[in-house]
2 protein chains.
Amino acid sequence: MPVGASPDLLKKLDELVYVRRRLKSGTILYHTGSHFHALFAVKSGFVKTENLHDDGRVQISGFYMAGEIFGFDGIATDEHMCTSVALEDSEICIIPLDRIEHIGHELEQLQHHFYKLMSREIVRDHTIMMLLGSMHGEERLAAFMLNLSQRFQLRGYSPYNLVLRMKREEIGSYLGMKVETVSRIFSKFQEQGLLEVHQKNIRILNIEGLRKLIGQHPSK
Amino acid sequence: MPVGASPDLLKKLDELVYVRRRLKSGTILYHTGSHFHALFAVKSGFVKTENLHDDGRVQISGFYMAGEIFGFDGIATDEHMCTSVALEDSEICIIPLDRIEHIGHELEQLQHHFYKLMSREIVRDHTIMMLLGSMHGEERLAAFMLNLSQRFQLRGYSPYNLVLRMKREEIGSYLGMKVETVSRIFSKFQEQGLLEVHQKNIRILNIEGLRKLIGQHPSK
DNA sequence: CGGCATCTTGAGTTGGGTCAATGGTCGTGG
DNA sequence: CCACGACCATTGACCCAACTCAAGATGCCG
């Protein structure tokens with residue numbers, strides 16, 4: 001699920017960075033319809049991207065943490081097709097696409113790296129589609145926690161003590177369920193000794209238990 | 001939702017095509033884990049891509065018709081992350097990625113075209129996520145029919161008389177619901193005079209009605 | 001300390017799943 | 001040309017996971 005970048009690539013990215021920018025929590029970086037001019041790399045903090053439907057429904061399509069890149073949605077039509085919002089005070093790097101394409105022209109490997117990044121985003125999306133299309137609530141939340149845990153570890157944080165940056169409602173939107181359901185499942189996981197939940201602080205007590213949960217009800 | 005290519009691009013693609021290949025209905029073109037070596041353009045016919053979970057669950061992640069390109073899932077790790085299957089006798093073109101990258105090196109516009117194609121796939125996936133995460137069965141099927149209609153039109157077929165190439169079960173897998181539910185909703189749409197359903201032949205009688213259906217139950 | 005947002009929990013409802021039976025359609029072989 | 005069998009689609013009856021509505025609980029910030 002994570003869309004990350006190797007340290008190697010990150011070094012090269014430094015040459016691409018146009019500006020760094022600080023975002024207050026809640027800041028909208030771009031929204032649906034705004035002109036695409038660059039990709040964004042999360043330097044620190046947490047960002048969500050969400051798709052808004054006319055009738056007011058919202059679907060969160062991604063959460064991005066330090067080291068991850070987002071904004072690929074804007075390349076197709078030169079207009080962003082979703083909205084990105086900082087979930088906490090964050091710092092992001094702005095990477096104009098034409099610069100990638102230009103430097104990629106000289107540095108064939110960089111071009112390939114960017115194809116890989118986009119492909120990874122596609123694979124990640126397919127994972128979410130699998131989750132939304134064929135898993136039960138408990139499996140979805142378990143998969144989500146495991147994914148976060150893995151990404152935290154990748155970024156040098158503990159894979160067991162997570163601090164969620166999003167609220168329950170946002171988790172629900174991402175996983176295709178209502179706040180109440182998210183809350184109930186958290187409680188259930190706690191009763192089962194899988195997690196310890198204190199607000200946004202989650203401690204994973206039984207990671208194997210979470211793993212085994214997925215694929216338990218191969219019904220749906 | 002569609003991932004297509006402009007006629008302009010298609011012309012350039014001709015230079016990239018390595019081989020054409022005929023596929024019998026049911027042929028697997030690549031499967032999860034197989035080595036990635038090329039992208040594929042549908043010349044004629046119909047192809048699906050599906051993600052398989054260990055426990056046997058299947059999630060169809062895309063349907064591709066003439067003029068559309070698939071296989072981007074393999075770029076991330078040089079291994080395909082899903083399985084592609086021909087839904088009817090089809091003809092496809094094989095486009096090695098290194099050739100794209102090479103020619104793209106000379107022809108900057110081509111490189112940009114490919115970024116656009118991948119971005120379009122990402123945007124399409126987000127649409128499906130929205131559908132799976134926040135729509136009811138009826139809305140999903142309505143959105144699916146409208147999307148197919150639009151793609152048929154784009155390829156020069158009637159947008160009203162559709163011949164489905166996939167079975168109900170596959171529609172269900174794509175839309176995150178069971179065969180029976182797909183069938184029930186088709187029947188309901190027919191009763192309401194929105195569609196005329198004869199097996200895989202669907203006639204759209206009231207396209208506006210279908211559109212209005214989406215966003216009707218902004219609940220979920 | 002008060003006010004507001006977020007989170008949790010309970011009770012009742014329902015959309016869509018499960019299971020089971022029936023009905024069509026098509027391809028094959030007698 | 002018709003009969004058989006395999007596969008696919010439809011329909012009905014029943015059930016359950018997740019939704020809705022409503023009430024509290026908890027935590028955060030001025």
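Order of the sequence lines sets the chain letters (A, B, ...), proteins ahead of strands, with each chain counted from 1.
Here the options are A:Lys43, A:Arg21, A:Lys24, the test is salt bridge (charged side-chain N to carboxylate O under 4.0 Å, His left out), and the partner is A:Asp89; only A:Lys24 passes.
Note: NZ (B:Lys167) to C1' (D:dA6) measures 12 Å, nearest angstrom. Taking atom CD1 of A:Ile171 as the reference point, atom C1' of C:dT6 lies 12 Å away to the nearest angstrom. Across the protein-nucleic acid pair, B:Glu191 atom CD and D:dT11 atom C1' stand 11 Å apart, rounded to whole Å. Whole-Å rounding puts the A:Glu169 CD to D:dA18 P distance at 18 Å. Spacing between atom CZ of B:Arg168 and atom C1' of D:dA9 amounts to 7 Å, rounded to whole angstrom units. In this structure, B:Lys178 places its NZ atom 17 Å from P of D:dC16, rounding to the nearest Å. Atom CG in A:Asn201 sits about 17 Å away from atom P in C:dT6, given to the nearest Å. Rounding to whole angstrom units, CG of residue A:Leu175 and C1' of D:dA17 are separated by 16 Å.
For the ring-ring contact (aromatic ring centres under 6.0 Å, His included) test, no residue two or more places apart in sequence or in another chain qualifies with A:Phe46. Listed by chain and residue number, nothing satisfies the side chain to side chain donor-acceptor pair (under 3.5 Å) test with A:Lys116 (two or more places apart in sequence, or in another chain). Listed by chain and number, the residues in a side chain to side chain donor-acceptor pair (under 3.5 Å) with B:Arg22 amount to none (sequence neighbours excluded). Applying the side chain to side chain donor-acceptor pair (under 3.5 Å) criterion to A:Arg168, with sequence neighbours excluded, gives no partner residue. Checked against side chain to side chain donor-acceptor pair (under 3.5 Å), B:Thr49 has the following partners two or more places apart in sequence or in another chain: B:Ser61. Residues forming a salt bridge (Lys or Arg N to Asp or Glu O under 4.0 Å) with A:Glu169 (at least two apart in sequence, or on another chain): none. Remark: A:Glu170 engages A:Lys48 in a salt bridge (Lys or Arg N to Asp or Glu O under 4.0 Å) (not counting sequence neighbours).
Proximity note for B:Val197 (side chain, C-beta onward) versus C:dC7, D:dT10, C:dG17: the nearest is D:dT10.
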Return the polar atom pairs (N/O with N/O) between nucleotides 25-27 of chain C and the protein under 3.5 Å, or none.
none

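Of the residues in residues 179-190 of chain B, those with a non-hydrogen atom less than 4.0 angstrom from any atom of DNA chain C are B:Glu180, B:Thr181, B:Arg184.
Note that the two end axes of the helix from C:dC1-D:dG30 to C:dG30-D:dC1 enclose an angle of 40°, each drawn from 5 base pairs, rounded to 10 degrees.
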Taking only distance into account, with no hydrogens and no angle test, what donor-acceptor pairs under 3.5 Å do side-chain atoms of residues 73-86 of chain B form with protein atoms, sequence neighbours excluded?
from, atom 1, to, atom 2, distance (Å)
B:Asp73, OD1, B:Tyr30, OH, 3.0
B:Asp73, OD2, B:His80, ND1, 3.0
B:Asp73, OD2, B:Met81, N, 3.0
B:Thr77, OG1, B:Glu79, N, 3.3
B:Thr77, OG1, B:Glu79, O, 3.3
B:Thr83, OG1, B:Thr32, N, 3.3
B:Thr83, OG1, B:Thr32, OG1, 3.4
B:Ser84, OG, B:Tyr30, N, 3.4

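A salt bridge (charged side-chain N to carboxylate O under 4.0 Å, His left out) check over residues 184-207 of chain B, counting only residues at least two apart or in different chains, returns the pairs B:Glu138-B:Lys188.
Distance alone, capped at 3.5 Å, places no donor-acceptor pair between the A:Gln192 side chain and the A:Phe189 backbone.
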